[in-house]
Number of protein chains: 2
Amino acid sequence: MGRGPRWCHARFRNFGYKMTQPREIILDVLSRTKKHLSAEDIYIEVYKIYPGIGLTTIYRTLDILTNMEMVSRYDFGDGRSRYELISDKKSEHHHHLICLNCGKIIDYNDYIDEETKLFDKLEKVLSEKHNFKINYHHVGFYGLCDKCKSTTSS
Amino acid sequence: MGRGPRWCHARFRNFGYKMTQPREIILDVLSRTKKHLSAEDIYIEVYKIYPGIGLTTIYRTLDILTNMEMVSRYDFGDGRSRYELISDKKSEHHHHLICLNCGKIIDYNDYIDEETKLFDKLEKVLSEKHNFKINYHHVGFYGLCDKCKSTTSS
DNA sequence: CTCCTAAATGATAATGGTTTTCATTTTCAA
DNA sequence: TTGAAAATGAAAACCATTATCATTTAGGAG
Ligand SMILES: [Mn+2]
Ligand SMILES: [Mn+2]
Ligand SMILES: [Zn+2]
Ligand SMILES: [Zn+2]
């Protein structure tokens with residue numbers, strides 16, 4: 001059930017894309033972290049093992065992966081997009097807590113079952129009522145993290 | 001219970017800000033629409049009744065209003081932030097359906113009570129577990145709208 | 001395996017939303 | 001009315017992302 005290079009190769013082909021070394025390495029970098037990396041973060045990581053890489057390719061690949069829905073793109077409000085590999089394991093589905101002060105992100109999946117249940121119902125109701133094909137949803141709670149709660153002067 | 005200029009004046013003062021004509025007009029523009037306006041959209045509207053306005057002031061005021069949590073800032077993926085006045089009427093709380101193809105936004109509040117109930121519980125659990133002060137949450141369903149569902153070739 | 005062509009890449013320049021700067025104007029409390 | 005602090009707007013700077021285009025690569029046909 002893992003996502004080896006072979007699995008990805010097939011998947012890329014199904015979407016009419018070729019599998020390339022940069023794409024494989026980008027996926028590898030994404031799969032080795034739990035962080036929410038920016039395009040430049042990814043560039044820096046890929047560069048370490050493939051110094052020929054260009055930032056443009058990072059952006060293009062992330063676009064493709066986002067459209068293939070293998071990657072989620074987020075805007076947490078710090079002026080750059082952040083990316084995260086979508087797990088195929090349902091148990092790893094999660095939502096986010098975002099600190100408005102320092103940008104810290106926490107993944108949580110407490111009560112995720114209840115959320116999922118409600119969202120399944122909602123997606124059904126909403127897609128019928130508004131004639132909408134729903135592909136995915138994003139949920140974020142914004143506030144102040146542990147540290148910033150005590151630190152912030154404001 | 002409305003938000004007249006008097007109410008806003010006081011509110012601004014409470015946050016240590018002065019009430020000014022540009023700020024009043026920006027709030028007025030926001031309160032007269034149900035759309036999700038970009039900074040430039042707002043600039044264009046304000047300009048009609050106050051041609052001295054500068055785009056910079058729009059951005060600065062939106063920042064303040066966002067921090068005061070009178071306005072929500074969204075990124076729906078079209079490359080610019082979009083803003084919406086937060087209603088004081090609880091019944092007008094809503095979440096979003098976002099079309100990935102044409103950018104159409106639908107406000108919905110079907111089942112919003114159930115969502116609210118779940119989110120209240122979640123906010124309690126999460127803030128305790130992660131020592132997080134939660135100020136607000138954003139929920140968005142992404143997919144294809146009525147028109148784009150039939151139109152899109154992909 | 002070798003060729004061939006469409007697709008992918010990367011260096012570079014361009015784009016465009018947002019922020020910074022700074023001289024001028026406005027607010028509002030004394 | 002007055003003065004200091006805050007707010008404003010024109011202009012320049014910033015910087016994440018996208019477009020361009022010459023070169024390279026992937027991968028199927030033969
Ligand atoms: Mn995450
Ligand atoms: Mn809305
Ligand atoms: Zn923080
Ligand atoms: Zn649409």
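Every chain is numbered from 1, with letters handed out A, B, ... down the list of sequences.
For the OP1/OP2 pair of dA16(D) and a distance below 4.0 Å, the side-chain nitrogens and oxygens of Ser81(A) include no atom meeting the criterion. At dT19(C), none of the side-chain N or O atoms of Tyr59(B) fall inside 4.0 Å of OP1 or OP2 (strictly under the cut-off). Checking the phosphate oxygens (OP1, OP2) of dT8(D), a side-chain nitrogen or oxygen of Arg23(B) falls inside 4.0 Å. Within the structure, every side-chain polar atom (N or O) of His9(A) is placed at least 4.0 Å from both OP1 and OP2 of dA26(D). The phosphate of dA7(D) has neither OP1 nor OP2 within less than 4.0 Å of any side-chain N or O from Thr20(B). For Thr57(A), a side-chain nitrogen or oxygen approaches OP1 or OP2 of dG10(C) to under 4.0 Å.
The six-membered or imidazole ring of His96(A) lies near that of Phe76(A), with a centre-to-centre distance under 6.0 Å.
Residue contacts shown for Tyr50(A) are limited to sugar-phosphate atoms, with no base heavy atom under 4.0 Å away. Within the nucleic acid shown, Arg60(B) comes within 4.0 Å of at least one base atom, counting heavy atoms only.
Defined by atom type and a distance below 3.5 Å, a donor-acceptor pair is present between the side-chain atoms of Arg73(A) and Tyr83(A).
The 12-atom threshold is exceeded at OH of Tyr108(B), counting heavy atoms of other residues, nucleotides or ligands nearer than 6.0 Å.
In this structure, the helix from dC1(C)-dG30(D) to dA30(C)-dT1(D) shows an angle of 40° between the axis at its start and the axis at its end, each fitted on 5 base pairs and rounded to 10°.
We find that CZ of Arg80(A) is positioned 15 Å from P of dT18(D), with the value rounded to whole Å.
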